[in-house]
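Everything below concerns the one structure shown next.
The structure displayed is predicted, hence computed values, not measured ones. Values below: all heavy atoms of this structure, side chains included; hydrogens, waters and symmetry mates excluded.
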Amino acid sequence: QVQLVESGGGLVQPGGSLRLSCVASGFTANNYGMTWYRQAPGKERELVAGISSIGRNTGYAEFVKGRFTISRDNANQTVYLQMNSLKPEDTAVYYCYVPSLRSWGQGTQVTVSS
């Protein structure tokens, strides 16, 4: 069965960094593009970043460009989101999503606060 398991969320100070991981199982990751979304309480879920099947192409929302980096390690079936220069408005639950499979992880909480 298809499964996506996120980890790496937590509490961080403004200006700090976190690295999120999404480990995939039940399918071959190198055949699928992957994305990260986020959702804050009372707000719409929004696309943060995406990466193509073998990592050659990436894309970012304007509000994270220059601060976040998406990458993948297909040997370990894992997608990462490196988040630097974090701001309070980055506080949200972050989700891994595979568009072609319409499959979501359960999310990991990121809280940016002093």
Side-chain angles (χ1 to χ4, degrees):
Q1 62 183 33
V2 173
Q3 188 173 21
L4 302 168
V5 180
E6 299 105 329
S7 63
L11 176 64
V12 65
Q13 302 295 316
S17 297
L18 286 172
R19 183 179 176 90
L20 306 183
S21 299
C22 172
V23 179
S25 60
F27 64 99
T28 302
N30 64 9
N31 288 326
Y32 297 90
M34 303 281 284
T35 62
W36 287 96
Y37 282 73
R38 71 185 188 187
Q39 188 167 28
K43 298 182 180 179
E44 301 175 34
R45 190 169 296 189
E46 59 187 356
L47 178 65
V48 175
I51 187 165
S52 59
S53 59
I54 62 171
R56 291 270 175 89
N57 299 301
T58 59
Y60 300 91
E62 284 295 322
F63 54 80
V64 304
K65 194 171 294 183
R67 300 189 297 123
F68 291 10
T69 303
I70 188 170
S71 62
R72 65 193 302 159
D73 177 2
N74 285 335
N76 290 310
Q77 295 265 121
T78 304
V79 176
Y80 302 98
L81 186 67
Q82 178 68 47
M83 305 185 295
N84 300 326
S85 301
L86 283 161
K87 305 173 181 179
E89 53 262 44
D90 295 319
T91 296
V93 178
Y94 284 71
Y95 298 91
C96 185
Y97 178 62
V98 184
S100 295
L101 298 176
R102 290 171 286 189
S103 182
W104 296 91
Q106 294 201 18
T108 184
Q109 176 71 50
V110 172
T111 302
V112 185
S113 177
S114 59

Provide the closest heavy-atom pair for [X] versus [Y] in the form atom of the first, atom of the second, distance.
| X | Y | value |
| --- | --- | --- |
| K43 | Q39 | O-NE2, 3.1 Å |
| R38 | D90 | NH1-OD1, 2.9 Å |
| R67 | L86 | NH1-CA, 3.9 Å |
| G9 | T108 | N-OG1, 3.2 Å |
| Y94 | V48 | CE2-CG2, 4.3 Å |

V110 vs L20, test: side chain to side chain contact (heavy atoms under 4.5 Å, CB included). Steps then yes/no. CA-CA 9 Å; V110 172; L20 306 183; 4.0 Å; yes
Checking [X] side chain against [Y] main chain: does a donor-acceptor pair fall under 3.5 Å?
| X | Y | result |
| --- | --- | --- |
| T35 | Y97 | yes |
| Q3 | S25 | no |
| T91 | V112 | yes |
| R72 | G33 | no |

Output the distance between atom [atom1] ([X]) and atom [atom2] ([Y]), rounded to the nearest 0.5 Å.
| X | Y | atom1 | atom2 | answer |
| --- | --- | --- | --- | --- |
| L11 | S114 | CG | OG | 10.0 Å |
| Y60 | L81 | OH | CG | 8.0 Å |
| I51 | T58 | CD1 | OG1 | 6.5 Å |
| F68 | S17 | CZ | OG | 9.5 Å |
| S103 | M34 | OG | CE | 8.5 Å |

Would you say [X] and [Y] make side-chain contact, with heavy atoms under 4.5 Å?
| X | Y | result |
| --- | --- | --- |
| E6 | W36 | yes |
| Y95 | L4 | no |
| V79 | I70 | yes |
| F63 | E46 | yes |
| M83 | V64 | no |

Using 30° and 60° as the class limits, which term best fits the ring planes of Y32 and F27: parallel, tilted or perpendicular?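 Perpendicular: the ring planes of Y32 and F27 meet at over 60°.
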Taking it one step at a time, do N31 and S53 satisfy side chain to side chain donor-acceptor pair (under 3.5 Å)? CA-CA 5 Å; N31 288 326; S53 59; over 6 Å; no
